[in-house]
Amino acid sequence: MSIQQSEVLYTAVATAENGRDGRVATDDGKLDVVVNPPKEMGGSGAGTNPEQLFAAGYSACFQGALGVVARQENADITGSTVTAKVGIGKNDDGFGIIVEISAAIPNVDAGTARALLEEAHQVCPYSKATRGNITVTLA
């Protein structure tokens, strides 16, 4: 379900120069990085890349969603981590991405961890935005 402009609480603004082989920065200056294609894609690999930036954002957002569902379930996720692996490759119309989300949740059993991961995937804004558009698996 989408939100209306009047419901927006915060808007991030970033501007890229030279696409995948240049620079990207936020309007507040908190993020200002060189971006280069990875060596695996024929680039220098000297800077970060859009897939790393997406993985960083997705994992942070998912960790927040995990916290929300853990509080609802009275589950202790202290010391937990979420990892997002973002892959890029060729598809029928150019390139596409896939994502694998995993979590280490040391204070709960495997079944509870899996249930929390699946619940977080339902409420995470990144998961909602990608649902039906790209393959996202939970590991």
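Here the structure is a predicted model, which is why all the values come from computation and not from measurement.
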Item to check | Partners meeting side-chain hydrogen bond (donor to acceptor under 3.5 Å, both in side chains) with Thr48 (sequence neighbours left out) | outcome: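 Expected list: Gln52.
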Applying salt bridge (charged side-chain N to carboxylate O under 4.0 Å, His left out) as the test, list every pair that has at least one member in [range]; sequence neighbours left out.
range            : value
residues 22-36   : Glu17-Arg23, Arg23-Asp32
residues 48-73   : Arg20-Glu51
residues 100-127 : Lys85-Glu100, Arg114-Glu118

Hphob cluster co-occupancy, [X] + [Y], side-chain heavy atoms under 4.5 angstrom:
X      : Y      : answer
Ile105 : Val123 : yes
Val86  : Ile88  : yes
Val68  : Phe62  : no

Checklist entry - For Val108 and Ala75, which heavy atoms make the closest approach, and how far apart are they? => result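 Residues Val108 and Ala75, closest heavy atoms: CG1-CB, 4.3 Å.
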Item to check | Minimal non-hydrogen separation, Ala120 against Ala65, with atom names | outcome: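 What the structure gives for the nearest pair is O-CB, 3.8 Å.
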Item to check | Verdict with supporting geometry, Val82 and Ser102, side chain to side chain contact (heavy atoms under 4.5 Å, CB included) | outcome: CA-CA 6 Å; Val82 172; Ser102 61; over 6 Å; no
Item to check | Results of side chain to side chain contact (heavy atoms under 4.5 Å, CB included) for Asn18 - residues two or more places apart only | outcome: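 For Asn18 there are no side chain to side chain contact (heavy atoms under 4.5 Å, CB included) partners, ignoring immediate neighbours.
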Checklist entry - For Ala14, which residues count as a side chain to side chain contact (heavy atoms under 4.5 Å, CB included) partner, sequence neighbours excluded? => result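 Listed in chain order: Val24, Thr26.
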Considering only distance and modelled atom types, tabulate donor-acceptor pairs under 3.5 Å from the side chains of residues 5-12, sequence neighbours left out.
residue	atom	partner	partner atom	Å
Glu7	OE1	Gln4	N	2.6

Next on the checklist: If hydrophobic residues (ILVMFWY) are linked whenever their side-chain heavy atoms come closer than 4.5 Å, directly or via other members, who joins Val34 in its cluster?
Outcome noted: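 Val34 clusters with nothing; isolated.
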Item to check | Co-members of Val13 in a cluster of I, L, V, M, F, W and Y side chains, linked at under 4.5 Å | outcome: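 Cluster partners of Val13: none, it stands alone.
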Nearest 0.5 Å please: distance from the [atom1] atom of [X] over to the [atom2] atom of [Y].
X     : Y      : atom1 : atom2 : result
Ser44 : Asp21  : OG    : CG    : 6.0 Å
Gln63 : Ile101 : CD    : CD1   : 11.0 Å
Ile77 : Thr112 : CD1   : OG1   : 13.0 Å

Next on the checklist: Per the ring pair (Phe, Tyr, Trp, His ring centres under 6.0 Å) rule, what does the pair list look like for residues 65-113, sequence neighbours excluded?
Outcome noted: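 Matches after skipping sequence neighbours: none remain.
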Checklist entry - Is there any ring pair (Phe, Tyr, Trp, His ring centres under 6.0 Å) pair reaching into residues 32-55, and which pairs are they, with sequence neighbours excluded? => result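 Residue pairs with at least one partner in residues 32-55: Phe54-Tyr58, Phe54-Tyr126.
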Next on the checklist: Run Thr130 and Ile97 through side chain to side chain contact (heavy atoms under 4.5 Å, CB included) and show every step you take.
Outcome noted: CA-CA 10 Å; Thr130 58; Ile97 61 172; over 6 Å; no
Checklist entry - Just wondering, are more than 12 heavy atoms of other shown residues or ligands nearer than 6.0 Å to CG in Asp92? => result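 Counting neighbours around CG of Asp92, 12 or fewer heavy atoms of other residues, nucleotides or ligands fall under 6.0 Å, so no.
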Extract all donor-acceptor atom pairs below 3.5 Å that involve side chains of residues 131-139 and protein atoms in other chains or at least two apart in sequence.
residue	atom	partner	partner atom	Å
Arg131	NH2	His121	O	2.5
Asn133	ND2	Ala129	O	2.9

Checklist entry - For the side chain of Asn36 and the backbone of Gly45, is there at least one donor-acceptor N/O pair under 3.5 Å apart? => result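 The answer is no, because no donor-acceptor pair under 3.5 Å joins these two groups.
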Checklist entry - Would you say the side chain of Asn49 lies within less than 4.5 Å of the side chain of Pro37, judging by non-hydrogen atoms? => result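 A side-chain contact under 4.5 Å is absent here.
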